Amino acid sequence: MPDVRFGPRAPGAASYVGVMTRSRAAAPRAASRADLVVTGCTVLVHDAEERIGFREDAAVVVRDGAVEAVTTAAEAEALDAAERLDARGQVALPGLINCHTHAPMAALRGLAEDLPTEKWFNDVVWPVESNLTARDVELGARLACAEMIRAGVTCFADHYFAMDAVAAVVAECGMRAHLGEAFFSSQGAEGRERSLEFALRHRGSAGGRITTALAPHAPYTVDDADLAATAELAREHGLPVHLHAAENRDQTETSLARHGVTPIEVLARTGILDTDVLIAHGTGIVERDLPVLRRAGGRTAVATAPRGYLKFAWPTTTPVRALREIGIPVGLATDGAASNNSLDVWESMALTSLIQKSTEGDPRWLTSRQALHHATVQSARAVGLGEQLGGIAPGRRADLVLVDLTGPHTQPVHDLAATLVHSARAGDVRTTIVDGRILMRDRELLPVDVPAVVQELGERLPALLDRGHGRRIQRYDT
Ligand SMILES: [Zn+2]
């Protein structure tokens, strides 16, 4: 059995270090037929201290949608399997998780360019969103799912409107998703009730691939009473909360000037931080928020989508290092394609590493292995699936992707983690598997008819983009 190679100690990151161990692989049940065997590949694995390692000439055995074993290619040869994928020359990774997006906004990709945040919302996005129909949402989500499957994303956390349509697309296309029906206080109690009704109705649907959350938009669009009522509902029904908060420094400063508290302190005083909460962005998290977050009664996580922060010229980014020091996982995200222009989590991984080095002024911080830890273990925790996803190991769901590193831009490989983070691209993903089902095989996308989606969306765009009515769904005023 080849040795598993784990990386060097990552400075400043206690949980990445530990003794060298070999990954324990449960023996596959040779007697009965496996559903799928992926063989001949290098497999990204984690050791008991969550350090990233690579197991060469390995095989992944899948049964009932879960990983049954990670074994050697030689041992896998003897196994009976309904389906066998020869993955020689490829690396098997846990599927990427997009921890915060608005999938249907793929329909608005490139519509509002080179604008400050308030003009992006008030002049373009919120007027256009007042035209949205369930069909637009469905087509946008289908396009987004196609893009994500092709980029090796197997799960996404979505926060939008008309989410029944998104849930239907997820069920149909085979992805995994964590869904929440967004609401503003301007909708009255009805918005919150609809979000709850959606979360209860879809929880565990699509064969368990859909999990749900309550989804208040943000502390600047949902008032304290509404947030407090949301926290109550979360506790009563055992639901997590997914919302935008402290998105940028302006929001934090405005909140301090108007209310004397930061957005994170609003989440604390309304009880939201006592729930399991996924906070999108947090680039406006400031020093005084850190003890508040440390004391949070629920499981708190933050999703970072760095491309949009650069594009909006926000002065800060998610304080990944400070959050790490207080034990808060930071998952990778893209936000919607209307601000980010792409749903490429691979790019979010590379940008997170680069921006963290630049912001901290430390080339040793956020190494490639740390970036892969964010992409796997921390992203899985961020969407509340830390036990089910984030690793290729016995008992985890079989959500994995195969990446081809034979291209000139990824050769030679001196450091596989660095090749994956800084040289490989989303287009190098050849095969995407969710719950043991192959959604893309050798670049052939199986569940979505992209030309048909693009054509119908194109026909609908004039009505969707009309801003002549002067309406908007909300007004952005941090
Ligand atoms: Zn967002």
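The analysis underlying the following values was restricted to heavy atoms, covering all of them including side chains, and did not include hydrogens, waters or symmetry mates. Quick caveat: nothing in here was measured; it's all calculated off a predicted structure.
Thr154 OG1 to Leu389 CG: the interatomic distance, rounded to the nearest 0.5 Å, is 6.5 Å.
Between Glu197 and Arg201 there is a side-chain heavy-atom pair separated by less than 4.5 Å. For the pair Phe312/Arg307, no side-chain contact is recorded, criterion being any heavy-atom separation below 4.5 Å from C-beta on. At a threshold of 4.5 Å between non-hydrogen side-chain atoms, the residues Arg299 and Arg381 do not count as touching. Side-chain contact check for Leu405 versus Val403: some heavy-atom pair is nearer than 4.5 Å. Contact check for Arg51 versus His46: no side-chain heavy atoms found under the 4.5 Å cut-off.
In this structure, Gly40 and Ala73 approach most closely via the heavy-atom pair N-CB, 3.9 Å.
Only one option out of His244, His178, His281 pairs with His159 in a ring-ring contact (aromatic ring centres under 6.0 Å, His included); it is His244. Here the options are Val153, Leu343, Asp335, the test is side-chain contact (heavy atoms from CB on, under 4.5 Å), and the partner is Thr101; only Leu343 passes. Applying ring-ring contact (aromatic ring centres under 6.0 Å, His included) to Tyr476 and the options Phe121, Phe184, Trp120 leaves one that passes, Phe121.
For Gln90, there are no side-chain hydrogen bond (donor to acceptor under 3.5 Å, both in side chains) partners at least two apart in sequence or on another chain.
Checking side-chain atoms of Arg369 against main-chain N and O of Ile52 turns up a donor-acceptor pair under 3.5 Å. Not a single donor-acceptor pair under 3.5 Å links the side chain of Asp164 to the backbone N or O of Val166. In this structure a side-chain-to-backbone donor-acceptor pair under 3.5 Å is present from His374 to Val330.
By the 6.0 Å and 45° rule, Arg425 does not stack over the aromatic ring of Trp346.
A donor and an acceptor atom, one from each side chain of Glu113 and Asn341, are located under 3.5 Å apart. Defined by atom type and a distance below 3.5 Å, a donor-acceptor pair is present between the side-chain atoms of Gln356 and Trp365.
Note: His102 and His100 have perpendicular aromatic rings, judged against thresholds of 30 and 60 degrees for the angle between ring planes.
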